[in-house]
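Only one structure is covered here, and it is reproduced in the block below.
Note that ligands are numbered from 1 as they come in the structure, with each ligand's atoms numbered from 1 the same way. Remember, it's a predicted structure, so these values are computed and weren't measured experimentally.
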Amino acid sequence: MSAPTKRVLLAKPRGYCAGVDRAVITVEKALETYGPPVYVRKEIVHNRHVVETLRERGAVFVDEADEVPEGALVVFSAHGVSPAVHEQAAARNLRTIDATCPLVTKVHFEAKRFAKEDYDILLIGHEGHEEVEGTAGEAPEHVQLVDKAEDVDKVVVRDPSKVIWLSQTTLSVDETMERVDQLRQRFPDLQNPPSDDICYATQNRQVAVKAMAPSCDLVLVVGSQNSSNSKRLVEVALLAGARASHLVDFAHEVQEEWLAGVGTVGVTSGASVPDNLVMDLLAWLAERGYGDVDEVTTADERIAFALPPELRKELKKS
Ligand code: 0CN
Ligand code: SF4
């Protein structure tokens, strides 16, 4: 048998979304404006390289606001925080910059609004993920988390005609719709969110990986293990027909044996991944004969978000 033709398909869109770009710039500008240390509650975004780079520049990552010295500056991560965290910060007189992505904030508003209208809210998301902790924290007595299929049977509602589902922004679209179908079998009047909670970036990256996966022997996704949207890209690639798929933080993590007998390698990256890491991977692949790269484009993203108002005000002064 002759060796397969080696080539790379490169998904577009991939990498940084508008919310991640804004959150990373927020920490960089805070460091420039106020000087280190700038405290950051949780990882600003779920990417090892980004976190390590900001740490080298003077960002101090903490798990909770009570680890920040009284009166110091703390940035809240892109994944959002519950009102209880804002209260903790206020109790310690912390200066805060909120880098929550506006698309996460939108889901917080939905949770608040439907809680006020006394709905039971079924929040589809991953247990323990910071974003669902923040969203659920807006209305803990109205929200029930639905993660796995078996969670659907555990849901208890007060009035089946007044139930709505909301979701984490970084889920698999297809898996979420399966969960909604299951929930609707139990609660036929289940209402949909007013607009998609799974954000544009998550959706677009899944559409792009689906377009290339059937042609790929291997799909490499650049992203960190704690990045929900990056992990979903591996699952989506496999379900869409890729023969194999792996998540790697860095090119050097790719194992040579993954390339055995591989012709077409698909490459993409999660929404928290800087594109230089993808370029490093392409260079690594080129050294192994995969130098021919074709981009597979399924959407053109132009969205950008303004920096948090607390920071904009400060930047205006300087
Ligand atoms: O990788 P991320 O930091 O977060 P998750 O995919 O784990 O939610 O990407 C940015 C997403 C947000 C909010
Ligand atoms: Fe915002 Fe979506 Fe990016 Fe998360 S993945 S930061 S919700 S745009």
Side-chain angles (χ1 to χ4, degrees), residues 11 13-27 40-54 59 61 75-82 85 97-111 123-138 145 147 166-173 175-176 193 195-209 221-236 247-250 268-275 277-278 299 301-308:
R14 63 176 179 278
Y16 266 25
C17 60
V20 164
D21 198 37
R22 171 185 189 258
V24 175
I25 294 174
T26 296
V27 179
V40 182
R41 181 188 175 274
K42 308 280 185 195
E43 294 192 348
I44 185 72
V45 299
H46 291 151
N47 184 266
R48 261 174 66 188
H49 176 77
V50 169
V51 169
E52 278 161 20
T53 309
L54 291 173
F61 293 91
V75 179
F76 294 143
S77 81
H79 316 97
V81 293
S82 68
V85 174
I97 301 178
D98 189 355
T100 304
C101 175
L103 299 181
V104 172
T105 303
K106 187 202 78 169
V107 185
H108 281 228
F109 279 128
E110 291 171 351
L123 178 64
I124 303 178
H126 297 300
E127 193 159 10
H129 190 284
E130 281 131 64
E131 183 183 324
V132 292
E133 285 175 356
T135 307
E138 290 287 358
L145 183 67
D147 183 348
L166 301 177
S167 86
Q168 188 179 331
T169 57
T170 50
L171 302 179
S172 146
V173 174
E175 204 188 333
T176 303
S195 62
D196 287 359
D197 288 341
I198 300 182
C199 74
Y200 82 94
T202 300
Q203 296 195 31
N204 286 348
R205 280 149 194 69
Q206 289 174 17
V207 168
V209 85
V221 179
V222 184
S224 293
Q225 291 296 336
N226 62 343
S227 167
S228 169
N229 80 89
S230 305
K231 281 188 99 151
R232 303 294 80 81
L233 292 174
V234 171
E235 296 166 359
V236 170
L247 183 66
V248 291
D249 260 298
F250 304 102
T268 187
S269 56
S272 46
V273 180
D275 218 38
L277 300 181
V278 174
E301 288 180 350
R302 285 159 193 262
I303 182 160
F305 295 132
L307 289 174

Point to revise | Closest heavy-atom pair and its distance - Val107, Ser167 | key: CG1-O, 3.7 Å
**Study point:** Where Leu123 and Gln168 come nearest, the two heavy atoms and their spacing
**Key:** CD1-N, 4.2 Å
Revision key, fill the gap. Near ligand 1 (heavy atom, under 4.0 angstrom), the protein residues are Val20, Val45, His46, Ala78, His79, Val104, His129, Thr170, Asn226, Ser227, Ser228, Asn229, Ser272
Review point. With atoms numbered from 1 as shown, which atoms in ligand 2 lie under 4.0 angstrom from a non-hydrogen atom of Tyr200?
Key: 8 (S)
Check your understanding: How about atom 3 (Fe) of ligand 2, which protein N, O or S atoms come within less than 2.8 Å?
Key -> Cys17 SG
Point to revise | Sequence-distant partners of Asp196, side-chain contact (heavy atoms from CB on, under 4.5 Å), two or more places apart | key: Gln203
Exercise for review: Return the orientation label for the His46 and His129 ring planes: parallel under 30°, perpendicular over 60°, tilted otherwise.
Suggested key: perpendicular
**Study point:** NZ/NE/NH1/NH2 to OD/OE distance under 4.0 Å, Glu301 and Arg205
**Key:** yes
Only distances under 3.5 Å count here; give the side-chain donor-acceptor pairs of residues 16-26 to other protein atoms, sequence neighbours excluded, each with its distance to 0.1 Å.
residue : atom : partner : partner atom : Å
Arg22   : NE   : Ala306  : O            : 2.7
Arg22   : NH1  : Thr100  : O            : 2.9
Thr26   : OG1  : Arg22   : O            : 2.6

Practice item. May I ask you to test the Ser227-Lys231 pair for a side-chain heavy-atom distance under 4.5 Å? Key: no
Practice item. Of all the heavy-atom pairs spanning Val273 and Leu277, show the shortest one and how long it is. Key: CG1-CD1, 4.1 Å
Check your understanding: Does the side chain of Leu171 come within less than 4.5 Å of His126's, by heavy atoms?
Key -> yes
Check your understanding: So, the side chain of Thr202 versus the backbone of Asn229: is there a donor-acceptor pair under 3.5 Å, distance only?
Key -> no
